[in-house]
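One structure below.
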Amino acid sequence: MHARHRRLQPRPVRRRHEPALVGGRPGHQVKALERSVGGALLERMPRGVRLTAMGRAFLPHAQLAVRSTHQAERAARAAAGVAGGELHLATVHALAVGLLPGVVARWRALHPGVSLVLREYGSTGALEEQLERGVADLAVGPEPAEWTGPLLPLGPEELVVVVPSGDPLAGRGAVRLTEFADRDWIRCAMEPLVDGVLVLDRACGEVGFTPRTVLRTEHTSTAVRMAAAGVGIVMAPAHMVRGAVGEDCVLLSLDPPWHRRLSVFSRVPLTGAAAAFAELLSATAATAGTTAGRDGSGRPD
């Protein structure tokens, strides 16, 4: 049964890593489940079946159980070490194209027997929700406000302002945010939140102005390319835009700086390959170093 379809095909094909039904034919197992929950999960129709209201309510919990089983199997195999297997990662888009490529390349050199599966999400809320659903072994992203599972802080990531290479401020090492008060801004749907407020609104509000938004994009990478073309300027995570230097844009640090805290977090204790990957990320963050300033999570750094 495919998770996104209400109708069931008469002869479903089992995906790779998807456990086969055991203990009898699928029809018998469904009937056993229906007896257990006290109602029909499927509506039998002349040309197939579809989920009932009870079935639709039951499905996400069944999916979580299957994912948890897969995660438990990977964790058990990983406990023996990092000689082989598969590690599932989840992150937000900006980190997938910014921080992680170098880390993944180093991982492949150190642990060639462990393959990686990377899932990217457009917001920290979606990232946390999907990790709770068991889609990955660990997540890399902005530090969650509330997380009950294991969490390893990676330190703050600087937020910088991207301007075109011909901008009057392009030759400056650092600028004050007030110098951008009359500028046009590009905003991204993945912009970090500070106490429920978008970080740019929070930062600009603290120095007395409201940013004038002229374009909204879905991805940070799109916003950076728009800034390079002269559409406006954008605040973005430093790791994500370092590679854009030389592509008709310049990165400017803020004075005082703004940061967002990054972390690795998981539903279960990190062991084997998951623990090794978290340690590699931590070492990378420590080598990169940080500067003192305001934290994008709204806390003093």
**Message:** Using the rule that Ile, Leu, Val, Met, Phe, Trp and Tyr join whenever any side-chain heavy atoms are under 4.5 Å apart, tell me whether Leu110 and Leu89 fall into a single cluster.
**Reply:** yes

**Request:** Report the C-alpha separation of Val199 and Met235 in whole Å, then their side-chain angles, then the decisive distance to 0.1 Å, and conclude whether the side-chain contact (heavy atoms from CB on, under 4.5 Å) test is met.
**Result:** CA-CA 9 Å; Val199 65; Met235 178 185 282; 4.1 Å; yes

**Message:** A side-chain contact here means heavy atoms from C-beta on lying under 4.5 Å apart; do Arg176 and Val207 qualify?
**Reply:** no

**Request:** Applying side-chain contact (heavy atoms from CB on, under 4.5 Å), run through Asp182 and Phe209 and close with a yes or a no.
**Result:** CA-CA 9 Å; Asp182 62 347; Phe209 74 93; over 6 Å; no

**Message:** When you compare the side chain of Ser266 with that of Asp137, does any pair of heavy atoms fall below 4.5 Å?
**Reply:** no

**Request:** Given side-chain contact (heavy atoms from CB on, under 4.5 Å), test Leu100 with Glu120 step by step and report yes or no.
**Result:** CA-CA 11 Å; Leu100 287 184; Glu120 304 169 46; over 6 Å; no

**Request:** Indicate the atoms forming the closest heavy-atom contact of Ala236 with Val224, along with that distance.
**Result:** CB-CG2, 4.4 Å

**Request:** Measure the shortest side-chain to side-chain distance between Val135 and His88 over non-hydrogen atoms and say whether it is less than 4.5 angstrom.
**Result:** no

**Prompt:** Could you state the interatomic distance from SG (Cys249) to CD1 (Ile233), rounded to the nearest 0.5 Å?
**Reply:** 12.5 Å

**Item:** Distance-minimising heavy-atom pair for Val268 and Pro150
**Value:** O-CG, 3.4 Å

**Prompt:** Looking at Ala227 and Val234, what are the two nearest heavy atoms and their distance?
**Reply:** CB-CG1, 3.9 Å

**Prompt:** Does a side-chain heavy-atom distance below 4.5 Å link Phe265 with Leu138?
**Reply:** no

**Message:** Are the side chains of Leu254 and Val161 in contact, using a 4.5 Å heavy-atom criterion?
**Reply:** yes

**Request:** Take Val140 and Leu262 through the test side-chain contact (heavy atoms from CB on, under 4.5 Å) and record every step on the way to the result.
**Result:** CA-CA 7 Å; Val140 185; Leu262 301 180; over 6 Å; no

**Prompt:** Taking atom CD of Glu157 and atom CG of Leu95, what is their separation to the nearest 0.5 Å?
**Reply:** 5.5 Å

**Spacing of Leu116 atom CG and His111 atom NE2 [to the nearest 0.5 Å]** = 10.0 Å

**Prompt:** Side chains of Phe277 and Val114: does their closest heavy-atom pair fall under 4.5 Å?
**Reply:** no

**Co-membership, hydrophobic cluster, residues Tyr121 and Val117, 4.5 Å side-chain** = no

**Asked** What closest approach, in Å, do Ser165 and Ala170 show between heavy atoms, and which atom pair accounts for it?
**Response** O-CB, 3.4 Å

**Message:** Are the side chains of Arg106 and Thr284 in contact, using a 4.5 Å heavy-atom criterion?
**Reply:** no

**Prompt:** Transitively linked via ILVMFWY side-chain contacts under 4.5 Å: Leu280 with Leu118?
**Reply:** yes

**Fill in**
Of Val97, Leu99, Val160, the one forming a side chain to side chain contact (heavy atoms under 4.5 Å, CB included) with His239 is Leu99

**Message:** Give me the atom names and distance for the closest heavy-atom approach of Thr220 to Ala94.
**Reply:** OG1-CB, 4.2 Å

**Prompt:** Between CG of Leu270 and CG of Leu151, what distance do you get to the nearest 0.5 Å?
**Reply:** 9.5 Å

**Message:** To the nearest 0.5 Å, what is the distance between SG on Cys188 and CD on Glu218?
**Reply:** 7.0 Å

**Message:** For Glu179, give me all partners under salt bridge (Lys or Arg N to Asp or Glu O under 4.0 Å), at least two apart in sequence or on another chain.
**Reply:** Arg172

**Asked** Relative to each other, are the rings of His219 and His93 parallel, tilted or perpendicular (30° and 60° limits)?
**Response** tilted

**Sub-4.5 Å side-chain heavy-atom contact between Phe180 and Leu200** = no

**Item:** Leu281 CG to Trp107 CH2 distance, which is reported to the nearest 0.5 Å
**Value:** 9.5 Å

**Message:** Looking at every non-hydrogen atom in both residues, tell me the closest pair between Leu87 and Ala273 and how far apart they are.
**Reply:** CD2-O, 3.8 Å

